[in-house]
Protein chains: 2
Amino acid sequence: MAGARKPAALEEPGLEQVGLGALEHSAGLMLRIAQLTAFERFFALFGESEIKISEFTVLMAVAENPGIRQGVLADVLKIKWSNMTKLVRTLEERGLVARHVPRHDRRSVVLSPTDEGRRQIEKSGEKMYRLDREALSMLTDAEHDQLIALTRKIAGWPPISER
Amino acid sequence: MAGARKPAALEEPGLEQVGLGALEHSAGLMLRIAQLTAFERFFALFGESEIKISEFTVLMAVAENPGIRQGVLADVLKIKWSNMTKLVRTLEERGLVARHVPRHDRRSVVLSPTDEGRRQIEKSGEKMYRLDREALSMLTDAEHDQLIALTRKIAGWPPISER
DNA sequence: TATTGTTATACTCTATAACTATA
DNA sequence: TATAGTTATAGAGTATAACAATA
């Protein structure tokens, strides 16, 4: 393997000398670069795993909202419905999530965690949060909170204080 | 088309009632959701275009750093070398960027904008920055600056004040 | 008619590894 | 031996549209 062996900005010394000019004030671009950096670090720490982060995230969200409609969950997590179908099916096949068609609206599908799903969360949840924080360890706690507040606002979610 | 017709959090009223619990304190997840939201809004505003955002970003970066090595640029923008090759070639074929092999290290390729490339920047640059800002119009100017500062730090770039 | 979810598929993006040329 | 870039391809992620069932 050649090419792209280095974690870029982490090691390479002269990298910060590359200016992007006005481009550095593009919050969209910076948001993307930051997200890629954070995920790169997270995956490096997380390593191989039997459950994907996207799947685990859905599992956690279901556990937080037992009985949530599948489509609503997809919208919140910005996952397309068509892709959510496959993702949820995977979780169902592994016995982590149960699907249920409610009587009052039989078009819909509501989700809830199984006991095994809850066990999986107990098992992997702590690790995930720890590594998530570690991937962003360059931020102080205050900056971390700032980031949460800003990203919530961008996503159109209410401030934490108001909930 | 069915499924996912709504821009999620933008229209749907009851969406903010879905809590994600501890998951909402995952800066990694929030960073991703925010980035997706911002890009969704940006693309909705930007519409169809003859040049892709990724291509335009590279063009801008080259114009800011004439003579930059292709691999360095790839690292900065978090694009894999193999993918950068194709991207730069596209820009070259359109006559926007010129590739040059320097005498002192003939393994490398350095990039510079053509006159046509500079024209393209002049033509699309203003629009891009305006829409980029508009996609994040839910933030105040102060919050926007905060976001730039935080994302720079995450990316491992020096604070703007120090440059 | 509109909505919820599914299916199939196309498309784009990203990742991986082998390769050439140069240092 | 190491580095810069290329090529081909695999793989993941995402998007699109037609569809069935229900409201």
Side-chain angles (χ1 to χ4, degrees), chain A residues 1-8 11-15 32-33 35-37 39-40 43-44 48-49 51-55 57-58 67-75 77-93 97 99-111, chain B residues 1-8 11-14 32-33 35-37 39-40 43-44 48 52-55 57-58 67-93 97 99-111:
Chain A
M1 175 192 25
R5 219 175 327 180
K6 302 174 198 163
E11 293 180 2
E12 199 143 353
L15 210 61
R32 175 168 166 76
I33 291 178
Q35 191 248 295
L36 289 173
T37 305
F39 272 54
E40 197 173 76
F43 284 121
E48 294 301 313
S49 166
I51 191 167
K52 290 181 193 168
I53 308 301
S54 57
E55 291 164 359
T57 302
V58 168
I68 192 174
R69 261 215 308 114
Q70 183 171 307
V72 171
L73 188 58
D75 287 348
L77 296 178
K78 297 232 159 269
I79 297 173
K80 288 272 176 295
W81 286 23
S82 54
N83 300 324
M84 184 59 105
T85 295
K86 207 166 19 177
L87 213 164
V88 166
R89 185 147 304 167
T90 303
L91 289 173
E92 190 190 27
E93 281 167 3
V97 157
R99 294 157 34 91
H100 175 246
V101 175
R103 270 188 296 281
H104 65 277
D105 186 349
R106 303 212 318 276
R107 294 172 305 178
S108 63
V109 174
V110 297
L111 308 173
Chain B
M1 177 188 30
R5 219 174 327 181
K6 301 177 199 162
E11 293 181 3
E12 198 143 353
R32 177 170 165 74
I33 291 178
Q35 191 248 296
L36 289 173
T37 305
F39 272 52
E40 200 173 74
F43 285 120
E48 293 302 312
K52 291 181 193 167
I53 309 301
S54 56
E55 291 164 358
T57 301
V58 169
I68 193 174
R69 262 216 308 113
Q70 183 170 309
V72 171
L73 188 59
D75 289 347
V76 173
L77 296 178
K78 297 234 158 269
I79 297 173
K80 287 274 176 292
W81 286 22
S82 54
N83 300 324
M84 184 57 103
T85 296
K86 207 165 20 178
L87 213 163
V88 166
R89 184 147 306 168
T90 303
L91 290 174
E92 190 190 25
E93 282 167 3
V97 157
R99 293 157 35 91
H100 175 246
V101 175
R103 272 189 293 281
H104 66 276
D105 186 349
R106 303 212 317 276
R107 295 173 304 181
S108 63
V109 174
V110 298
L111 308 173

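Numbered from 1 within each chain, the chains take letters A, B, ... in sequence-line order. Quantities reported herein were computed from a predicted structural model and do not represent experimental measurements.
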### Query
Among D:dA15, C:dC13, D:dA2, which is the nearest nucleotide to the side chain of B:Arg107?
D:dA2
#### Entry: C:dT14 OP1/OP2 closer than 4.0 Å to side-chain N/O of B:Lys80
no
### Message
What is the separation between atom CD on B:Gln35 and atom P on C:dC13, rounded to the nearest whole Å?
### Response
13 Å
### Query
Expressed in angstrom and rounded to an integer, what is the separation of A:Glu93 atom CD from C:dT6 atom P?
12 Å
### Query
Between B:Phe43 (CZ) and D:dT14 (C1'), how many Å, whole number?
12 Å
#### Entry: A:Ile53 CD1 to D:dA12 P, straight-line distance once rounded to whole Å
14 Å
### Message
If I compare all heavy atoms of B:Glu55 with all of B:Thr90, which pair ends up nearest, and what's the gap?
### Response
OE2-CG2, 3.6 Å
### Query
Taking side chain as C-beta onward, heavy atoms only, is A:Arg32 less than 4.5 Å from B:Lys78?
no
### Task
Round to the nearest Å and state the distance from A:Glu48 atom CD to D:dA12 atom C1'.
14 Å
### Task
Whole angstrom is fine here: how far is it from NZ in B:Lys86 over to P in D:dA10?
13 Å
### Summary
Assign each of A:Asn83 and A:Pro102 the nucleotide of DNA chain D bearing its closest heavy atom; nearer the 5' end lies the nucleotide of A:Asn83
#### Entry: Short side-chain N/O contact to D:dA4 OP1/OP2 from B:Arg106, under 4.0 Å
no
### Query
When the nearest nucleotide of DNA chain C is assigned to A:Leu36 and to A:Gly71 on a heavy-atom basis, which residue is associated with the more 5' position?
A:Gly71
### Summary
Against the side chain of B:Gln70, the closest entry in D:dT6, D:dA21, C:dT6 is D:dT6
### Message
Measuring to OP1 and OP2 of D:dT7, would you say a side-chain N or O of B:Arg89 lies under 4.0 angstrom away?
### Response
yes
### Query
Can you find a side chain N or O atom of A:Lys52 that sits less than 4.0 Å from OP1 or OP2 on D:dG13?
yes
### Listed nucleotide nearest any side-chain atom of B:Ser108, set C:dT16, C:dG5, D:dG5
D:dG5
### Query
So do the side chains of B:Glu40 and B:Leu36 get within less than 4.5 Å of each other, counting heavy atoms only?
no
### Message
Determine whether a donor-acceptor pair (one donor, one acceptor, N or O, separation below 3.5 Å) exists between the side chain of B:Ser82 and the base of C:dT14.
### Response
no
### Query
Is there a side-chain polar atom (N or O) of A:Arg103 under 4.0 Å from OP1 or OP2 of D:dA23?
no
### Query
For the residue pair A:Val110 and A:Pro102, what are the closest heavy atoms and their distance?
CG1-CG, 4.1 Å
### Query
Is any side-chain N or O of B:Arg32 closer than 4.0 Å to OP1 or OP2 of D:dT14?
yes
### Message
Rounded to whole Å, how long is the line connecting atom CH2 of A:Trp81 with atom P of D:dA17?
### Response
17 Å
### Task
Please work out if A:Ser54 contacts a base, only the sugar-phosphate, or nothing of the nucleic acid, heavy-atom cut-off 4.0 Å.
nothing
### Query
Hey, is the side chain of B:Arg69 poking within less than 4.0 Å of OP1 or OP2 on D:dG5, counting only N and O atoms?
yes
### Message
How many whole angstroms separate atom CG of B:Asp105 from atom C1' of D:dA2?
### Response
12 Å
### Query
Given side chains that start at C-beta, do those of A:Val58 and A:Met84 come closer than 4.5 Å, heavy atoms only?
yes
### Message
Do B:Glu92 and B:Leu111 make a side-chain contact, defined as non-hydrogen atoms from C-beta onward lying under 4.5 Å apart?
### Response
no
